[in-house]
Amino acid sequence: MRLISGILTAALILLSGCQDNQDHRSDLQRSAGFWQKPAYGEALNITMNRVIRYQYNRYGCIQVSEQQHSDMTAQLDSVALSNTRRLRVTPKGQVYPSYYTQLDTLPDHCNNPIAISDSAAPDVIFDYFWHTFNDYYAFFSLRDVDWQAQYDLYRPMVHNSMSDEALFSLLSDMVAPLQDMHVTLSSHQQDYFSSKPTPILQAIQNELDFRKYQGQDSDLQSLYQHYQKQMQRVSSHYIAPDSLNTLPQGSDNATAIWGVTASNVGILVINNMNFFDSDKAADETQHLEAAHKMMADVMADLKDSEAMIIDIRHNTGGDDAISLAVASYFADRELLAFNKQAINQVGRGIPLRQKLSAHQTAYTKPVYLLTSQLTVSAAEVFTMAMDQLDHVTKVGEETAGALSDALRFSLPNGWQFSLSNEVYRNAQGNSFEHVGFIPDHHVPAFSLHDIEMKRFSTYDFVLNKLNKPPKPNMTIDDFEHQVRELQTHGNITKVAVSIISQGQTVYSHGFTTEAQHPVNADTPFYLASLDETLIGATIAAASSESHLALDQPIEHLLPFPLAYPSGQSNALTLIQLLTHTSGIVDNRAIFDCILTLSQINTRQAVTCADTKLSRGDFLAAYLSAEGELYHTGNFSSQYGLEPGTSAIYSQVGVELATFVIEQASQTSISELAQRHLFEPLNMHNTRFQTLSTKAQAKSELISTANDLSYFLAASMQPTYALPTPLSRYFWLTDNKQSYQRGSGAASRTHLYADVYSQTGFVLLTDANPDSEASNEAYMQLEHLVFNMAEQLNREFQQRISLRGK
């Protein structure tokens, strides 16, 4: 496998080979001496009866294994000793060999190696870790990290009484700026890997944080697998059922999925370059053979397709040999796939080159290779090989930029870590480390909204480019007929829809089941929580007028002391509130129970609606240490989530941001919205309306589909009234898409913006959120409006293109 094991068994080192009739020594015995793998930090001492393996740097050396020759023989395929003092070793089941050069003596530190022990001192562990990166990591300059500065910053924090958890956190923090997916750290209790911020990983992390907040037990790996299953279902949705295949067969989290669309476009999804053989104990050569067998089936099934989509957006890597094997089925001539060489402070490794073999019946019709920022490692090697082929077009996002094999080491306390030490280059000599492979067509690769709508932007882009739309076109009459059917099915009396494309309204209409009460796109609807999108835009617009920088602390504007739990930062900013990263959360124990005012003094939980408190009084009671409603559960740190790191929706955060802007401007939010939003955008039918309840009077926003479409257009591109796009605060951000849903006592609403395609829609209804039939009809209505918006946007752009010609 590509991943060089941290405790490479001696199987990575030596083999049995042919014997000379005159020399009865084994291959291992004839190789006796000292050997090193240049620029990899590995040394061997081969004696007449044993092999000792070391890992070392300029700080120290660790003996990681010692084996008798008899134990080694069964693990090796071949050992070859050349006249150039070079040793080639191929372990059983491994495709590519390892190469060593001869030394006169062991590295000095290896004569007195560090013993691996759970009780190893933190300062020794730190220094060994830092020096290993200093010696062997290849990309400090490329990734703009001053490694000596990292030492100067973190070394003073190390002390020998610190806990394992504190040391693990410190080492993780030190390598985090590398944003290299081959940089990892593993202890006996936890794992860390460095990575660039990517939409899919951020979405998964946000979901994981939200589950922690809700008290649900989950982890990143299982949640990623959950998303993989969902994405497989969406991919399968594009494939004609009678042509759908998976490997393993019937798996809902498959290594590979393939088939053809109803319009005869082949689809091949490959999620890793590792696991192709069904035997869990299979080695690399067996997985390679299984990959060839699968690709023979794929080519037979898809050979008559008019074009092919190869989806490696979520391919987490594996073996270079498998990557090149799969790529060979698309190559009609032999090509240089890549060169690689370890290059770092201690020197250069032995240069290696791999070719892409030609296939007699190669698929040479158009191929669209879908990539994302999560396409990594061997998947990028596959991209490098495919990028040499003229009939291949890359679509999606840039790849991760982590091609080097992960070089693994042990620490003195037994922890494992890995780093990148190899530079891969294509046939033209270009390296793609850190920058990744740039697609020919930039298309967002992943969004949760896409999964909800059972589609992928990348698939739709390719199918539309091939003039094979993924869904049949609807006429306006068809669309409106389906809306009315869903109204009847869900008992939804009123519906209003507005769709925009490229900043212009391309459709707006109202629907009603009551003839005596006509509805159109100017009919007012209660927005429920959709109003937060307008409030967020108002706060951002008004902050500059109030000389309130979004990233500056705001405690001085509060008439009460804000008290984060002990040990937490309290440098709260407006931008943290606007992005739900303030660390302030909605304590459900307070929001969900109903108690009387007399019970407040016991510090039990009450709802804001039941207390008749003003906004300011409630916030003081909730956020001040002496407040009646104060509790550690009001903050994300109660759930292990630090302020500024996790985005968790908070109604209290919305209220606090609103309170702050009112304090800074000495103006109500309704007046600020009128001045900064409603008037500039001609939203003449949008207003705050005061509602009275038994508990208190509160304001709710009322607006129309047309008014919200003006706001929607301004949120995606500049307008005459607003020269810069509105910030989409208090929206759900999802790659290039932003959206917000509202649900009230008698309303369900949806505001959607796709910045990439410059399309969006407003959907307002009086659907009953407590009715199962209404909810089912409403969700179908969302899908219907979304599909109509996509179609109208496509048609609008085609008209623009024709006019341009």
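In this structure, OG in S757 is found 12.5 Å from CZ in F796, a value given to the nearest 0.5 Å. Here the CD1-NE2 distance, from I200 to H314, works out to 3.5 Å after rounding to the nearest 0.5 Å. Here K736 contributes atom NZ and M716 contributes atom CE; the two are 13.5 Å apart, rounded to the nearest 0.5 Å. From Q651, atom CD reaches atom CD1 of I584 across 13.0 Å, with rounding to the nearest 0.5 Å. To the nearest 0.5 Å, atom NZ of residue K394 and atom CG of residue D440 are 4.0 Å apart. How far OG1 of T513 is from CG of N491: 7.0 Å, rounded to the nearest 0.5 Å.
Nearest heavy-atom pair, P197 versus Q373, reported as atom, atom and distance to 0.1 Å: O-OE1, 3.5 Å. Heavy-atom minimum distance, S546 versus S665: OG-CB, 3.4 Å. Taking both residues in full, the closest heavy atoms of H489 and A777 are given as CD2-CB, 3.9 Å, listed atom of the first, atom of the second, then distance. Contact between T523 and P518 at its shortest, heavy atoms only, is OG1-O, 4.2 Å. Considering all non-hydrogen atoms of both residues, I312 and T375 come closest at O-OG1, 2.8 Å. Here the closest non-hydrogen pair linking I554 and T573 is CD1-C, 4.2 Å.
Using a 4.5 Å cut-off on side-chain heavy atoms (C-beta onward), L572 and L577 make contact. At a threshold of 4.5 Å between non-hydrogen side-chain atoms, the residues D450 and Q737 count as touching. For the pair M453/E790, no side-chain contact is recorded, criterion being any heavy-atom separation below 4.5 Å from C-beta on. Side-chain contact between L463 and Y238: present, with at least one pair of heavy atoms (C-beta onward) separated by less than 4.5 Å. Two residues are said to be in side-chain contact when any heavy atoms from C-beta on lie closer than 4.5 Å; L527 and L708 meet this criterion. Side chains of L619 and L558 form no contact here, defined as non-hydrogen atoms less than 4.5 Å apart. Taking 4.5 Å as the limit, every side-chain heavy atom of V265 sits out of range of all side-chain heavy atoms of Y368. Between Y526 and T749, every side-chain heavy-atom pair lies at or beyond the 4.5 Å cut-off.
A 6.0 Å sphere centred on CD of Q216 holds more than 12 heavy atoms belonging to other residues, nucleotides or ligands. The 12-atom threshold is exceeded at NE2 of H226, counting heavy atoms of other residues, nucleotides or ligands nearer than 6.0 Å. The 12-atom threshold is exceeded at NZ of K468, counting heavy atoms of other residues, nucleotides or ligands nearer than 6.0 Å. Annotation for K454: atom NZ does not count as buried by contact number, only 12 or fewer foreign heavy atoms lying within 6.0 Å.
Ring pair F678/F688 is tilted by interplanar angle, where 30° to 60° counts as tilted. By the 30° and 60° cut-offs, the orientation of the rings of F479 relative to F511 is perpendicular. Note on ring orientation: taking the six-membered ring where Trp is involved, the planes of Y752 and F786 are perpendicular (angle over 60°, cut-offs 30° and 60°).
Proximity of a side-chain donor or acceptor of Q487 to a complementary backbone N or O of I492 within less than 3.5 Å is detected. Between the side chain of Q666 and the backbone N or O of Q663, at least one donor-acceptor pair lies under 3.5 Å. Counting only distance, with no hydrogens or angles, the side chain of R615 and the backbone of F659 share no donor-acceptor pair below 3.5 Å. With hydrogens and angles disregarded, no donor-acceptor distance shorter than 3.5 Å links the side chain of E480 to the backbone of D477. One N or O on the side chain of T371 and one on the backbone of E397 form a donor-acceptor pair closer than 3.5 Å. Listed for the S636 side chain is a donor-acceptor partner under 3.5 Å among the backbone atoms of L641. Although no hydrogens or angles enter the test, the distance criterion places no donor-acceptor pair under 3.5 Å between the side chain of Y729 and the main chain of I575. Under the 3.5 Å distance criterion, the side-chain polar atoms of S447 are left unmatched by any main-chain donor or acceptor of D734. Counting only distance, with no hydrogens or angles, the side chain of T759 and the backbone of I500 share a donor-acceptor pair below 3.5 Å. Panel note: side chain N787, backbone H783; a donor-acceptor pair is recorded below 3.5 Å.
With F525 as the aromatic partner, K494 meets the cation-pi criteria of under 6.0 angstrom to the ring centre and within 45 degrees of the ring axis.
Checked options T458, L466, L370; the residue passing with I309 is L370 (criterion: side-chain contact (heavy atoms from CB on, under 4.5 Å)).
Judged purely by distance below 3.5 Å, without hydrogens or angles, the side chains of D209 and Q205 pair a donor atom with an acceptor atom. A donor-acceptor pair shorter than 3.5 Å cannot be found between the side chains of N706 and T505. Donor-acceptor pairing under 3.5 Å is lacking for the side chains of Y739 and E452. Residues Q228 and D252 bring no donor and acceptor atom of their side chains to less than 3.5 Å of each other. For the residue pair Q740/T533, the side-chain donor-acceptor check at 3.5 Å is not satisfied. A side-chain N or O of Q202 and one of N206 form a donor-acceptor pair less than 3.5 Å apart. T686 and D707 share a donor-acceptor pair across their side chains, judged by distance under 3.5 Å alone. Using a 3.5 Å distance cut-off with no hydrogens or angles, the side chains of Q232 and N271 do not pair a donor with an acceptor. Between the side chains of E532 and S529, not a single donor N or O lies within less than 3.5 Å of an accepting N or O. One side chain, T579 or T581, offers a donor N or O that lies under 3.5 Å from an acceptor on the other. One side chain, T261 or S263, offers a donor N or O that lies under 3.5 Å from an acceptor on the other. Under 3.5 Å, the side chains of Y622 and N587 contain no donor-acceptor pair of N or O atoms. Judged purely by distance below 3.5 Å, without hydrogens or angles, the side chains of R233 and S235 never pair a donor atom with an acceptor atom. A side-chain N or O of R748 and one of N775 form a donor-acceptor pair less than 3.5 Å apart.
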- Item | Residues H750, F761; criterion ring-ring contact (aromatic ring centres under 6.0 Å, His included); working and verdict | CA-CA 8 Å; H750 193 176; F761 66 82; 5.2 Å; yes
- Message: Could you walk me through whether V585 and V652 satisfy the side-chain contact (heavy atoms from CB on, under 4.5 Å) test, starting with their C-alpha distance in whole Å, then the side-chain angles of each, then the deciding distance to 0.1 Å, before giving a yes or no?
- Response: CA-CA 7 Å; V585 297; V652 176; over 6 Å; no
- Given side-chain contact (heavy atoms from CB on, under 4.5 Å), test R313 with F456 step by step and report yes or no. CA-CA 11 Å; R313 292 171 304 146; F456 289 133; 3.2 Å; yes
- Going through the distances and angles, do D754 and N793 end up as a side-chain contact (heavy atoms from CB on, under 4.5 Å)? CA-CA 11 Å; D754 187 334; N793 183 57; over 6 Å; no
- Task: Decide yes or no on side-chain contact (heavy atoms from CB on, under 4.5 Å) for Y778 and L763, but give the supporting numbers first.
- Result: CA-CA 10 Å; Y778 175 81; L763 172 61; 3.8 Å; yes
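Contacts of Y224 classified as ring pair (Phe, Tyr, Trp, His ring centres under 6.0 Å), with partners at least two apart in sequence or in another chain: none.
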